[in-house]
Amino acid sequence: MKKTTISILAALLTLSVIACSSANSQSDSFDESKSQSDEAFVETENSVGKEKEERENDAIISQYEIGDIILADGSVIREDDFTAIDSSNVPIAVIAGFQEDGTAFGVGVHRSDTPLQWAADDTVGYGTKFTDNVCTQEPEFGFSGDIDGSDNWTVICRQDGKDTEDAARNYPAFYFVNTYAEAHNLSGASAFGWYMPSIAELCDIYQNREAVNDSLQYIHSLDDHAAMNGLETNWYWSSSQAGSQDDYAWFVHYFNGYAGECPKNFTNVHALAVREF
């Protein structure tokens with residue numbers, strides 16, 4: 001099973017810079033030869049459908065806004081209304097994005113203390129292609145394939161029933177997420193549902209980082225043990241398997257939004273935990 005060095009990753013970074021922020025760019029070209037009547041018909045038809053879709057989406061996501069702070073009891077508070085931290089009801093997450101169906105997800109207020117490997121050397125997971133977790137970046141259209149990371153650990157456990165039993169050694173980044181609630185003394189409903197984001201979700205967090213950072217930094221200013229001081233410029237793992245090579249997984253560099261694939265045993269990448277709300 002092969003080892004991959006930092007020099008290979010550096011080469012990858014120089015070969016391709018794919019910013020998350022550009023994943024959803026769209027072409028603004030159109031056919032100006034269409035008749036005015038055709039344009040009016042299409043515009044009317046599209047407007048009706050768009051208004052219906054917006055009404056449906058608003059009904060789903062109006063409870064949350066990007067940057068909302070979620071407390072341990074599930075309540076929502078905005079930064080402007082948050083003046084002190086209650087030790088019995090601490091902040092646990094900041095809303096960082098929305099799923100395709102409108103469900104909100106939040107990023108946990110603590111990252112891993114140190115960089116962690118996705119899968120350790122000479123483990124089943126390092127050289128296995130977890131096909132059901134493959135996510136692919138599509139030029140101008142974001143990501144396709146498995147964009148929801150909530151079941152990715154289950155997929156890994158199904159394919160690797162042995163090494164996942166000792167996740168602390170064999171899957172360190174996933175172990176951080178799996179034990180996130182225990183490490184931060186979360187109980188009740190807030191103790192369940194934490195997972196490592198897919199590459200699509202990780203890019204959403206990056207795109208919304210300004211509002212997310214504002215809330216994280218505000219919590220940190222009230223109590224520097226209650227939250228990390230923003231997402232900073234770390235590299236973060238996703239739970240998404242790379243489609244290019246079996247021993248590669250997706251990550252995002254939060255310095256510039258570069259989304260790339262790198263060896264699962266790379267030791268310079270942190271982990272985040274997310275949860276749906």
Side-chain angles (χ1 to χ4, degrees), residues 20 61 63-99 103-116 149-150 152-153 172-239 251-255 257 269-277:
C20 294
I61 67 175
Q63 180 181 0
Y64 300 106
E65 294 180 6
I66 301 296
D68 281 353
I69 299 168
I70 309 298
L71 303 180
D73 66 357
S75 59
V76 186
I77 190 167
R78 301 209 160 95
E79 180 185 328
D80 292 343
D81 302 319
F82 194 33
T83 57
I85 294 177
D86 180 354
S87 61
S88 65
N89 192 25
V90 297
I92 64 169
V94 174
I95 296 300
F98 296 97
Q99 307 288 14
T103 301
F105 67 88
V107 59
V109 295
H110 302 282
R111 71 170 69 82
S112 62
D113 291 334
T114 61
L116 301 168
S150 61
N152 284 358
W153 177 244
F174 286 94
Y175 181 76
F176 162 77
V177 174
N178 295 342
T179 59
Y180 183 82
E182 179 182 357
H184 297 289
N185 301 311
L186 303 183
S187 59
S190 64
F192 301 96
W194 296 97
Y195 64 94
M196 193 188 304
S198 71
I199 182 61
E201 292 164 329
L202 193 59
C203 278
D204 281 346
I205 298 170
Y206 176 79
Q207 289 176 318
N208 296 321
R209 67 193 181 283
E210 184 174 344
V212 173
N213 279 336
D214 283 346
S215 293
L216 288 172
Q217 290 165 353
Y218 182 72
I219 298 169
H220 184 270
S221 72
L222 296 175
D223 181 350
D224 58 7
H225 296 293
M228 55 185 161
N229 190 21
L231 296 165
E232 298 185 343
T233 59
N234 295 290
W235 302 22
Y236 289 110
W237 282 120
S238 80
S239 59
F251 77 98
V252 177
H253 191 349
Y254 273 35
F255 172 71
V269 189
H270 284 75
L272 295 170
V274 300
R275 185 181 183 277
E276 292 184 351
F277 293 93

Under the 3.5 angstrom rule, does the side chain of [X] hit a backbone N or O of [Y] as a donor-acceptor pair?
X: N229; Y: H220; result: no
X: S112; Y: H270; result: no
X: W235; Y: P115; result: no
X: N213; Y: R209; result: yes

- Item | side-chain contact (heavy atoms from CB on, under 4.5 Å) between Y236 and R111, intermediate numbers included | CA-CA 9 Å; Y236 289 110; R111 71 170 69 82; 2.9 Å; yes
Which pair of non-hydrogen atoms, one from [X] and one from [Y], has the smallest distance, and what is that distance?
X: F251; Y: I199; result: O-CD1, 3.8 Å
X: I205; Y: A96; result: CG1-CB, 3.8 Å
X: V252; Y: C203; result: CG2-SG, 3.9 Å
X: F105; Y: D204; result: CZ-CB, 4.0 Å
X: G97; Y: I66; result: N-CD1, 3.5 Å
X: L231; Y: N234; result: O-ND2, 3.4 Å

Rounded to the nearest 0.5 Å, what separation is found between the [atom1] atom of [X] and the [atom2] atom of [Y]?
X: H253; Y: T233; atom1: NE2; atom2: OG1; result: 6.5 Å
X: Y180; Y: M196; atom1: OH; atom2: CE; result: 13.5 Å
X: I219; Y: H110; atom1: CD1; atom2: NE2; result: 8.5 Å
X: D80; Y: T83; atom1: CG; atom2: OG1; result: 11.5 Å
X: D68; Y: S215; atom1: CG; atom2: OG; result: 7.5 Å
X: E79; Y: I69; atom1: CD; atom2: CD1; result: 6.0 Å

Determine whether [X] and [Y] make a side-chain contact, defined as any pair of heavy atoms from C-beta on separated by less than 4.5 Å.
X: E65; Y: I95; result: no
X: I92; Y: F277; result: yes
X: P91; Y: L222; result: no

- Message: Per the side-chain hydrogen bond (donor to acceptor under 3.5 Å, both in side chains) rule, what does the pair list look like for residues 181-199, sequence neighbours excluded?
- Response: Q99-Y195, Y195-E201, S198-E201
- Task: Output all residues satisfying ring-ring contact (aromatic ring centres under 6.0 Å, His included) with F192, sequence neighbours left out; order by chain, then residue number.
- Result: none
- Query: Considering residues at least two apart in sequence or located in another chain, which fulfil the ring-ring contact (aromatic ring centres under 6.0 Å, His included) criterion with F174?
  - Reply: W118, W153
- Tell me, with the steps shown, if S239 and V177 meet side-chain contact (heavy atoms from CB on, under 4.5 Å). CA-CA 10 Å; S239 59; V177 174; over 6 Å; no
- Item | Heavy-atom neighbours of D223 CG exceed 12 at 6.0 Å | yes
- Dump the intermediate steps for side-chain contact (heavy atoms from CB on, under 4.5 Å) on Y64 and T103, then the final yes or no. CA-CA 9 Å; Y64 300 106; T103 301; over 6 Å; no
- Item | Counterpart residues, side chain to side chain donor-acceptor pair (under 3.5 Å), relative to T114 (two or more places apart) | none
- Query: Taking only residues two or more places apart in sequence or in another chain, which ones pass side chain to side chain donor-acceptor pair (under 3.5 Å) with S238?
  - Reply: none
- Query: Checking side-chain contact (heavy atoms from CB on, under 4.5 Å) for the pair Y175/L116: CA distance, chi angles, key distance, verdict?
  - Reply: CA-CA 10 Å; Y175 181 76; L116 301 168; over 6 Å; no
- Query: How would you list, by chain and number, every residue that makes a salt bridge (charged side-chain N to carboxylate O under 4.0 Å, His left out) with E276, sequence neighbours excluded?
  - Reply: none
